Engineer: 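Sharing a structure here in structure tokens format.
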2 protein chains.
Amino acid sequence: MVGMRDVAREAGVSTSTVSLVVNGNGYVSPAMAERVQAAMDRLNYVPNELARNLSRNRTNLVGVIIPTIRHPFFATLTASLQRALYEQGLRTALCSTADVDQDVSQYVDMLRRRAMDGIIMGAHAVYPADYWSSIDRPIVAFDRFLGGSIPSVGSDHSQGGRLAAELFVRTGARRVVEIGGPRTHYQTAAGLNSEPLGSITIAGQPTFPPIRYHLAFERTLLAKRIRYEYMEIESVARMEEFKDAAHLAFERHPDLDAIVAPDLAAAFCAQEALRRGRSIPGDVQIIAYDGTYVSDLAGVRLTSVLQDFDGLANALVRRLVQVIPGKAYQGAGAADQPGAGEGDQAVSELISMSLKPGESTRWTGSVQELLSR
Amino acid sequence: MVGMRDVAREAGVSTSTVSLVVNGNGYVSPAMAERVQAAMDRLNYVPNELARNLSRNRTNLVGVIIPTIRHPFFATLTASLQRALYEQGLRTALCSTADVDQDVSQYVDMLRRRAMDGIIMGAHAVYPADYWSSIDRPIVAFDRFLGGSIPSVGSDHSQGGRLAAELFVRTGARRVVEIGGPRTHYQTAAGLNSEPLGSITIAGQPTFPPIRYHLAFERTLLAKRIRYEYMEIESVARMEEFKDAAHLAFERHPDLDAIVAPDLAAAFCAQEALRRGRSIPGDVQIIAYDGTYVSDLAGVRLTSVLQDFDGLANALVRRLVQVIPGKAYQGAGAADQPGAGEGDQAVSELISMSLKPGESTRWTGSVQELLSR
DNA sequence: CTGTTAGCGCATTCAT
DNA sequence: ATGAATGCGCTAACAG
């Protein structure tokens, strides 16, 4: 293997000079640069990143921890994350817990051992209150709280829930069913922080895990005296559950006239409705919550409350880079916002959701206004 | 940061002893091991993998190159790969080309610079004939040929195509439409190897890229004088195309009575058929080719010719590990097959496909036999 | 069995 | 602007 010293010898210079031209850091006279470059070409020199990594104590690898990459939601998010990371010169290590049947702690260990520069935590895990903060390495959380000073980014589910609920209110829904994730996740999310479930403010910071969506949705509907039911999905990783849930929703609540559900479940609901001879959106209105490509697979184009995947990814990566020692965020961010340099240092950041019109809900005049929000 | 020498000093031993207990390699007296362990705990020692990597010239990272992780097919494959890799102590670097809008060569560079121990190449790319072999680092190809001695693994599409065709033959299909990937991929796959398109043997090795499926399918049908059309999808990365293709299939061939298509396209076809008031499988039979969870989203459970994702992943990873210097495959493999140690050294390996019964095709007596193959 | 020692390949002070 | 020297933290011969 040809190393830097070989190149140096070939070019008749020292290794440090070679290093400089390889990394384009300090100033090297054009003549020298030329000679070194020629030597590198001649010897077919390829820099060794292992060595560079050890020197700079960095990997340029970020772990993305999610339940399963097979789920379209996480696949979409991961795709956006990969792009956002790449724009910062970072590579993506895929760390799905369910696909490998492995605990999150294995990935955290890699972080500790410096096999990764940081992790983006988007999977469910129950740990003592100080577990995450005690790691003391770059971590950001997606759609959840990991405690104290660990930054987190997520969609503004409070707003999303309200959006969905108001759409149903304005289109005259009377009997609404919500299909959602495990309630235990909500419990632990709030419980570990010793906050009552009803409270949606933690440590003075906005709170965004799905519970907010749930609460905002429920609250808005009940205020209008619309009947409302919650149906729980056990595991996000088992996709068959979505199908069962769709079936059960109609079985248990034959008189339902409106459903909001994660888009995979929403797609199944649409099929179930049609199978039962109930028209969409005449008899049953459906809102897909999330808005991946799946919402187009249902037969009808599903109206959806969609998450801004690119926005989420950008925010997550920006936050992560901020906590990686000696790393600066590249591109539009804090720098060009005068005075905003240290502005958004709140530990959590909310990315707003939007309404994507489809054919699965009615569109009265008063609904149009929701779209422009 | 506390390093090995600190631990050594604390335990009153030398660094090499510490190294031995950390890695559990050589023999250390239990007493020593105990003392070292205690020192490590006391000092909260965490080994630094960057240093270990440099020493051993290894990353334990494998790049999985695919077009896009958003596509359910590649998501499913990637999930299986991640598991298979993890079982060999390897981590997964996600390298999708379309999601990042980046050339494959960037990832190959990482491989060259030793940022990864190897790559699994599952994306389309056009390079000169000797590009891949000249890299001279661990590479295996998925469903394609990269030239000379680079191992490749893929589904036995020849068998898969025959399976689909024979099912249609036996259920009396008369007018069949196949929806498939870009023909240019076929062309280059064969073209670069200077092989006529009709030939499906390259360098005496079995050939498996999708062209085989295509050819086997076509051949079987034409032998029975069944009318047959091919519809091309331009880009695998743009999922809307599947929807358009489904629409076009019915538009261009109103008299079709059987379709085989990648499962996303097949799902759309099912919806399109139902929308046009054509019953499934009465008027139109549909076979989903691939068999990810998507084939269950169509409303009817789609009959599918499915790829053995775990089998593919295991084979890919086994082959890759074989070409990683100084690395041995863990678990069931060559070792316990007496005499098979060096047995399957053919450059390409075919994983067989199977038929998954569904509601989208008819099931006559003579069809049952196909299932047991 | 354990300690000593010499790298792994590059970054990066410092003098010059 | 360049070069010589030192260190990153660990592994693996080799010697004892």
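Below, chain A is the first sequence line, B the second, and so on; all start at residue 1. Just so we're clear, the structure is a prediction, and the values are computed from it rather than from any experiment. These values consider heavy atoms only, across backbone and side chains, with no hydrogens, waters or symmetry-generated copies.
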Engineer: Tell me whether B/Arg83 is salt-bridged to B/Asp310, with the criterion being a basic N under 4.0 Å from an acidic carboxylate O.
Structural biologist: yes

Engineer: Which part of the nucleic acid, if any, lies within reach of B/Val28 when heavy atoms closer than 4.0 Å are counted: base, sugar-phosphate only, or nothing?
Structural biologist: sugar-phosphate

Engineer: For a quick check of understanding: with a heavy-atom distance under 4.0 Å over all strands, which category does A/Asn57 fall into, base, sugar-phosphate or nothing?
Structural biologist: nothing

Engineer: I need the CD-P distance between B/Glu34 and C/dT2, as an integer number of Å.
Structural biologist: 13 Å

Engineer: Roughly how many Å is it from CZ in B/Arg5 to P in C/dA6, rounded to a whole number?
Structural biologist: 14 Å

Engineer: Please evaluate the base of D/dG7 for a donor-acceptor partner in the side chain of A/Ser55 within a cut-off of under 3.5 Å?
Structural biologist: yes

Engineer: When we call it a touch if two heavy atoms are under 4.0 Å apart, what does B/Val13 touch: a base, just sugar-phosphate, or nothing?
Structural biologist: sugar-phosphate

Engineer: If we only count heavy atoms from C-beta on, is the A/Val22 to A/Tyr45 side-chain gap below 4.5 Å?
Structural biologist: yes

Engineer: Given that A/Met32 and A/Ala51 both sit by DNA chain D, which one's nearest nucleotide is further toward the 5' end?
Structural biologist: A/Met32

Engineer: Side-chain N or O of B/Ser19 less than 4.0 angstrom from OP1 or OP2 on D/dC10?
Structural biologist: no

Engineer: Is B/Arg56 near enough to D/dT11 that one of its side-chain N or O atoms lies under 4.0 angstrom from OP1 or OP2?
Structural biologist: no

Engineer: Which whole-number value in Å describes the distance from A/Arg113 CZ to D/dC10 C1'?
Structural biologist: 14 Å

Engineer: Look at the side-chain N and O atoms of B/Ser29 and state whether any lies under 4.0 Å from the OP1 or OP2 oxygen of C/dC1.
Structural biologist: no

Engineer: Do A/Tyr127 and A/Ser105 have side chains that get closer than 4.5 Å, going by heavy atoms?
Structural biologist: yes

Engineer: Tell me whether B/Arg113 contacts the main-chain N or O of A/Asn48 through its side chain, where contact means a donor paired with an acceptor under 3.5 Å.
Structural biologist: no

Engineer: Taking the nucleotide of DNA chain D with the closest heavy atom to each, which residue, A/Thr15 or A/Pro30, is nearer the 5' end?
Structural biologist: A/Pro30

Engineer: Could you check A/Arg52 against A/Asn23 for side-chain hydrogen bond (donor to acceptor under 3.5 Å, both in side chains), going step by step and ending with a plain yes or no?
Structural biologist: CA-CA 11 Å; A/Arg52 173 198 306 235; A/Asn23 298 298; 3.0 Å; yes

Engineer: With nearest nucleotides of DNA chain C determined for B/Leu54 and B/Ser14 from heavy-atom distances, which residue corresponds to the more 5′ nucleotide?
Structural biologist: B/Ser14

Engineer: Specify the separation, in whole Å, of atom CE of A/Met1 and atom P of C/dG7.
Structural biologist: 18 Å

Engineer: Quickly work out the A/Asn25 CG to D/dA1 P distance and round it to whole Å.
Structural biologist: 15 Å

Engineer: Does a nitrogen or oxygen in the side chain of A/Asn23 sit under 4.0 Å from OP1 or OP2 of C/dA11?
Structural biologist: yes

Engineer: Between the side-chain atoms of B/Thr17 and the base atoms of C/dG3, is any donor-acceptor pair under 3.5 Å?
Structural biologist: no

Engineer: Would you mind reading off the distance between A/Leu50 atom CG and D/dC10 atom P, rounded to a whole angstrom?
Structural biologist: 15 Å

Engineer: Return the value, rounded to whole Å, for the distance between atom CZ of A/Arg52 and atom P of C/dC8.
Structural biologist: 19 Å

Engineer: Measure from CG on A/Asn53 to C1' on D/dG7 and round the result to the nearest Å.
Structural biologist: 16 Å

